[in-house]
2 protein chains.
Amino acid sequence: MKELEREILLSFWKVHILHHAESHPVFGQWVIRELRRHGYEVSPGTLYPLLARMQERGWLKLKVDASAGLRARKEYSLTKKGRKVLEVLRGQVEELYREVVLGEEEDKETQGTA
Amino acid sequence: MKELEREILLSFWKVHILHHAESHPVFGQWVIRELRRHGYEVSPGTLYPLLARMQERGWLKLKVDASAGLRARKEYSLTKKGRKVLEVLRGQVEELYREVVLGEEEDKETQGTA
DNA sequence: ATTGTCGACTACGGTAACCGTAATTGGAGG
DNA sequence: CCTCCAATTACGGTTACCGTAGTCGACAAT
């Protein structure tokens, strides 16, 4: 199911990351361990750029434990902007859950193929 | 919120697509209209390769309305393999919903930074 | 002081996905 | 014919993803 992870599940994990970053700082190795604990492998080459990107976008803010060297742990926590993003995501997750898992229909207008 | 759509929401739509393809065939323009109806724009350059990819992976099967030309509508419906993928996704969506929206904690072991 | 190991991040080169815009095709109306 | 409309295709540029190998500092053992 490697394709599935890349195509879709990785995005789910991104939501998890933001969610966790809301309550406590997260860092690369922690995420990697966390996912492994759930049976998934994500490589550094995927994860670190991902965290950096979220920081660039202003969703996460970085705090390096100063007094440690160049390879020191980088801790990311949610910014105000990140919180807004997370709000939107929560709404979307709920919508997805209702429709795809519970099977609730939305309004339905343009329904069907014909 | 363009970044958010590309980074995360597109994957949610992929799940929607599989879900819909379970109950009736879907095709490119329909998906585009459906998403627009919900306030999102996805361009052909993104969507068509995406559907083709899902077909290559065996999640969707294609049926073109024969007797129509080269640009005829391409209808995709869920395969058996696609149904399995969708099952996995439903589980993951539920998990995501429980944790991120409802705030339920999983086991928690490796919790925290310290 | 030297060596070893471990926890973390960095570098990097190749592949795949995403994006918008423009082009193409066939059918239906006028 | 000519035009318009519904659909898909083509394509070139940008961004994301991947695995593997490299680097650096701290700490322990000898």
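A quick note: this is a predicted structure, and the numbers were derived from the prediction, not measured. All chains are named by letter (A, B, ...) in the order of the sequence lines, taking the proteins before the strands, and each is independently numbered beginning at 1.
For residues 72-97 of chain A, the pairs satisfying ring pair (Phe, Tyr, Trp, His ring centres under 6.0 Å) are A/Tyr97-B/Tyr97, with sequence neighbours left out. Contacts classified as ring pair (Phe, Tyr, Trp, His ring centres under 6.0 Å) and involving residues 43-65 of chain A (residues at least two apart or in different chains) are not found. Within the structure, the salt bridge (Lys or Arg N to Asp or Glu O under 4.0 Å) test picks out the following pairs touching residues 43-53 of chain A (sequence neighbours left out): A/Arg53-B/Glu7.
What separates CH2 of A/Trp30 from C1' of C/dC6 is a distance of 21 Å, to the nearest Å. One interatomic measurement links the two molecules: CD of A/Glu56 to C1' of D/dT15, which rounds to 11 Å at whole-angstrom precision. Here the C1' atom of nucleotide C/dC9 and the CZ atom of A/Arg33 are 13 Å apart, to the nearest Å. As a whole-Å value, the separation of B/Lys74 NZ from C/dG26 P is 14 Å. When rounded to the nearest whole Å, the span between CZ of B/Phe27 and C1' of D/dT9 equals 17 Å. When rounded to the nearest whole Å, the span between CG of A/Leu51 and P of D/dC17 equals 11 Å. Distance B/Tyr76 OH to D/dA7 P: 14 Å, rounded to the nearest Å. Rounded to an integer number of Å, the gap from A/Ile32 CD1 to D/dG19 P is 11 Å.
In terms of the side chain to side chain donor-acceptor pair (under 3.5 Å) criterion, residue partners of B/Glu94 (sequence neighbours excluded) are, by chain and number, B/Arg98. Taking A/Ser77 as the reference, nothing meets the side chain to side chain donor-acceptor pair (under 3.5 Å) condition, with sequence neighbours excluded. Applying the side chain to side chain donor-acceptor pair (under 3.5 Å) test to A/Arg6 and every residue at least two apart in sequence or in another chain returns nothing. For A/Glu22, the side chain to side chain donor-acceptor pair (under 3.5 Å) partners at least two apart in sequence or on another chain are A/Arg90.
Ring-plane geometry between B/His20 and B/His16 is classed as parallel, the angle between the planes falling under 30 degrees on a 0 to 90 degree scale with a further cut at 60.
Close to C/dG26, at under 4.0 Å from its OP1 or OP2, lies no side-chain N or O of B/Arg71. An OP1 or OP2 oxygen of C/dC9 is reached within less than 4.0 angstrom by a side-chain nitrogen or oxygen of A/Tyr48.
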### Message
I need a per-nucleotide contact map over nucleotides 16-22 of chain C, read 5' to 3'. Cutoff is protein heavy atoms under 4.0 Å; write B for the base, S for backbone only, - otherwise.
### Response
SSSBBB-

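The aromatic ring centroids of A/His38 and A/Trp13 lie 6.0 Å or more from each other.
Residues from residues 83-92 of chain A placing a heavy atom under 4.0 Å of any atom in DNA chain D do not occur.
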